[in-house]
Amino acid sequence: MGVPEKRRETNLDMYSDAYAERTSGMVASAVRSLFSVANRPEVVSLAGGMPNIADLPLDSISDSVAALIREHGPKVMQYGAAQGEPRIREQICDVMALEGITGDPDDVVVSCGSQQMLDLVTRTFIDPGDVILAEAPSYVGALGTFRAYQAQVIHVAMDEHGLEPEALRHAVLTCRAQGKSVKFVYTIPNFNNPTGLTQTLERRREILAVAEEVDLLIVEDNPYGLLGIDIDPLPAIRSLDSERVIYLGSFSKTFAPGFRVGWALAPGPVKDKLILGQEAATLCPPVFSQFAISTYLETWDWQGQIVKFRQMYRERRDAMLRGLDDHMPVAATWTKPQGGFFVWMTLPEGFDSQQLLARAVTHRVAYVPGDAFYIDGLGTRNMRLSYCFPTPEQIYEGTRRLGEVLKEEAELRQTFGFVDSLDNKSTSTPALDSPSTGITGPSLESLSPTSPVAPSETGATASSHRTDH
Amino acid sequence: MDTTVIILSGGLSHEREISLHSGHRVSEELRGHGFTVVETDLQGNLIELIKESDHPIVFPLLHGGSGEDGAVREVLELLDATYIGSSAASCRVSFDKAIAVPLVAQTGVRTPKRVVLPHDMFRDLGASTLLDLISTKLGLPLIVKPTMSGSALGYTKVTSLDDLPGAMVLAYSFGRVAVIEEFIEGTEVAVPVVDYADGPRAYPPVEIRPNSGVYDFEARYTPGATDFISPADLPESTLDACRAVALAGHRALGLRDLSRADIIVTPEGEPVFLEMSVAPGMTDTSVLPLSIESAGESFADVLAHLVRQAAER
């Protein structure tokens, strides 16, 4: 060829031998790649969990922010306290009071979104191999954080009222019998991501009773609690116990995620650790954002704004449920959330939501396949459908397209001898009708092969390849 | 240099993200070479953009779907736009593995034994009978893949007959026609081809060694997940044979400017042609830039050559 050639061997990453073991799961993903198409306007994305903030009073916020810089620029653009600014910590207590929490501003630690607080809490409690109990399914962003700290995540079953107390007790006792250190249970009690399910007040009390009985810390993550559509806020678990619960809150859904302000309300000694951790991680949470949110809370009817948000999400939720009723095959089931952003759909036996995504993208509709909400590969029959961002018309059209996708897939599967059917309605109670008992996941199964609580997929299983909350 | 290059990437195919990465990298390289570069997605104002630009060179870097099946290039030809890459007609032929592989086989190049079928054939004739027939004919293991898709999307290596129906369902998720072909054991190599004034030139075959043993999506696009050896660690005569196969494919399919042949080299040293890409990946983990650089050339220089060559058409 006349071309000088010198053999070169490369893996295209000169640092590949230097990375920490915890990065081993950070790889390219075909599913994540398919989501790239979801950003195109032709595609109805029922995948993302972005709040719809178009109705915020943007002119007023703009004026407030401009005044903030003009009048207090040197202060609000300076470093601040690692714990967060005193004024916003007071206001956070006012926000939490809506869910029955009596909190002291001194026990509040502000963070860069509640995601960063989740990271701090995990960093504070977890050594590699420690066990974290999490709902089955659980928020994908939390699972990613737990994985990064090399925790062993064990899923605990849910029913239509959320996390099952008996399954929780069994998980703790089984793990401890195996010599494992169970550090906390992570739960999203309101309009759970991804299932949309909400724990009843009675269920919250039962979970707390189990936690007291087995001496377990609860991490209560509550980004959606004020966004009830059919119900008013229920008392937070933290409102029932101040010493056993680390409560995580966020302004991302009730105001705007771009400011990146979340918080923890934690028992005193834990709070001290979180502040030290915050100093090491960020020096301080974003000061300007805290002042901007303080100004918003002081100058705008933020509770009235939340009422508007709830109405807006009601229209979207209703469009999705109407669309699913109209277009889904009878053998598919789904949750009917009373608030929040998500519906959790369970496909007929044999269907694989990850495999289905390519066909869905071809039909210009996207969702999040269920398995990413599990640490152990379950959730393949599930998908998370978000109704928070598209218009009601788009949502309805998205469900129509999804119905076509399922129909085509069913015909194809039938051709190749798979006996699943779209026409067998097993129950009128959607989504949680699949075999559901106890703790899910092979992880605990391997711990306790004789366990009376069989591993299973509850109808409430989901997974996501996105990091939205 | 006042040539404007319109980089067309993204699109609506399953490989959109890869295309965006390719487009971004090529844009940076050409900007570094002094070209005026406009990056655009496949969107409503594309025709307007091309019409309003002063004799632009369009560089389609759309992977999969309309980017490789000739549709976009058909529109470019309708606009009399100058573009880099193969013609719409050639793309239509080469992107469809059902048509392209037999054409290359006619040049005497070995290709895997294979069957290409649309899904309705299984419905009409009965999947069980047809799959039995196929497996009897081809044996195991098998590769099942969509006819019109890249980046290993929808690919399955089937080692048990029980897994064949599932693999078929997956392949048909990406398109209505699937290829079932014998699995060829051997060394996986890719050979880029670039046209020059004196004809097409095959660049060094790049050997692909995925750490996981399978060159799937993860292995393709995770830096560090695959070892690349360029030129492949094969005898010089075998390397020449691989280059000859790539050139035969490039010519047989009437390709222009650039392409990439995917080949398996058997333990006996025989190259087996798998498929040809008319829009090879140009991401940070792609084979084409690596091969060009191992030949002692600059990837940016080759891109600039492609622009100038197109401008002279």
Side-chain angles (χ1 to χ4, degrees), chain A residues 1-19 23-43 350-364 366 405 408-420, chain B residues 10-20 41 43 119-120 122-123 126-128 131 149 151-154 164-166 168-170 172-175 201-204 207 211 216-233 240 243 284-285 290 293-297:
Chain A
M1 293 290 121
V3 181
E5 292 176 6
K6 184 180 174 185
R7 180 156 292 140
R8 178 186 172 209
E9 185 165 344
T10 176
N11 67 6
L12 299 171
D13 184 356
M14 62 190 289
Y15 302 107
S16 58
D17 293 333
Y19 294 126
T23 68
S24 60
M26 298 177 182
V27 294
S29 148
V31 170
R32 201 178 295 120
S33 174
L34 287 175
F35 282 134
S36 166
V37 182
N39 296 327
R40 289 277 306 218
E42 301 89 338
V43 177
F351 279 65
D352 182 329
S353 60
Q354 196 177 110
Q355 184 172 311
L356 207 58
L357 188 60
R359 185 183 299 281
V361 165
T362 304
H363 280 258
R364 310 288 181 248
V405 170
E408 280 184 14
E409 183 77 359
E411 287 170 3
L412 187 59
R413 290 179 59 77
Q414 209 167 20
T415 297
F416 285 97
F418 295 98
V419 292
D420 40 67
Chain B
L12 267 163
S13 85
H14 298 120
E15 296 173 80
R16 171 181 171 79
E17 188 181 37
I18 309 306
S19 167
L20 290 169
D41 206 332
Q43 56 199 20
H119 64 73
D120 36 8
F122 286 93
R123 187 192 60 211
S128 174
L131 287 177
S149 184
S151 297
L153 293 169
L164 189 51
M168 298 303 302
V169 171
L170 176 63
Y172 287 129
S173 297
F174 288 84
R201 179 191 306 169
Y203 277 85
E207 183 176 341
N211 298 339
D216 57 11
F217 189 92
E218 184 180 316
R220 282 167 195 253
Y221 298 112
T222 304
T226 296
D227 289 332
F228 297 95
I229 300 109
S230 183
D233 190 10
D240 284 344
R243 288 189 180 99
D284 290 340
T285 58
L290 198 65
E293 284 161 13
S294 77
E297 297 182 33

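Values in this document were obtained by computation on a predicted structure and should not be read as measured data. All chains are named by letter (A, B, ...) in the order of the sequence lines, taking the proteins before the strands, and each is independently numbered beginning at 1.
The parts of B/Ser173 that come within reach of chain A are both its backbone and its side chain, each placing non-hydrogen atoms under 4.5 angstrom from that chain. With a threshold of 4.5 angstrom between heavy atoms, B/Leu164 does not approach chain A through any atom at all. For B/Leu12, the parts lying near chain A are the backbone and the side chain together; criterion is any non-hydrogen pair under 4.5 Å. If you measure heavy-atom distances from B/Glu293 to chain A, the contacts under 4.5 Å come from the side chain alone. For chain A, the nearby parts of B/Asp233 are the backbone and the side chain; heavy atoms of each come within less than 4.5 Å.
The closest donor-acceptor contact from the side chain of B/His119 to the backbone of A/Leu412 lies at 3.5 Å or more, if one exists at all. For B/Arg123 (side chain) and A/Gln414 (main-chain N/O), no donor-acceptor pair under 3.5 Å exists by modelled atom type.
Ranked by heavy-atom pairs under 4.5 Å with chain A, the list B/Ala232, B/Gly10, B/Ser128 is led by B/Ala232. Counting heavy-atom pairs closer than 4.5 Å to chain A, the top residue among B/Gly224, B/Ala219, B/Ala127 is B/Gly224.
Rounding to the nearest 0.5 Å places CG of A/Asp13 at 11.0 Å from CG of B/Asp227. Separation of atoms CG (A/Asn39) and CD (B/Glu17) is listed at 9.5 Å; rounding is to 0.5 Å.
Between B/Ile229 and A/Arg8 the shortest side-chain heavy-atom distance does not fall below 4.5 Å.
Here the closest non-hydrogen pair linking B/Gly166 and A/Phe418 is N-CZ, 3.8 Å.
Checking each of A/Val361, A/Leu357, A/Val37 against B/His14 for a side chain to side chain contact (heavy atoms under 4.5 Å, CB included) leaves exactly one that passes, namely A/Val361.
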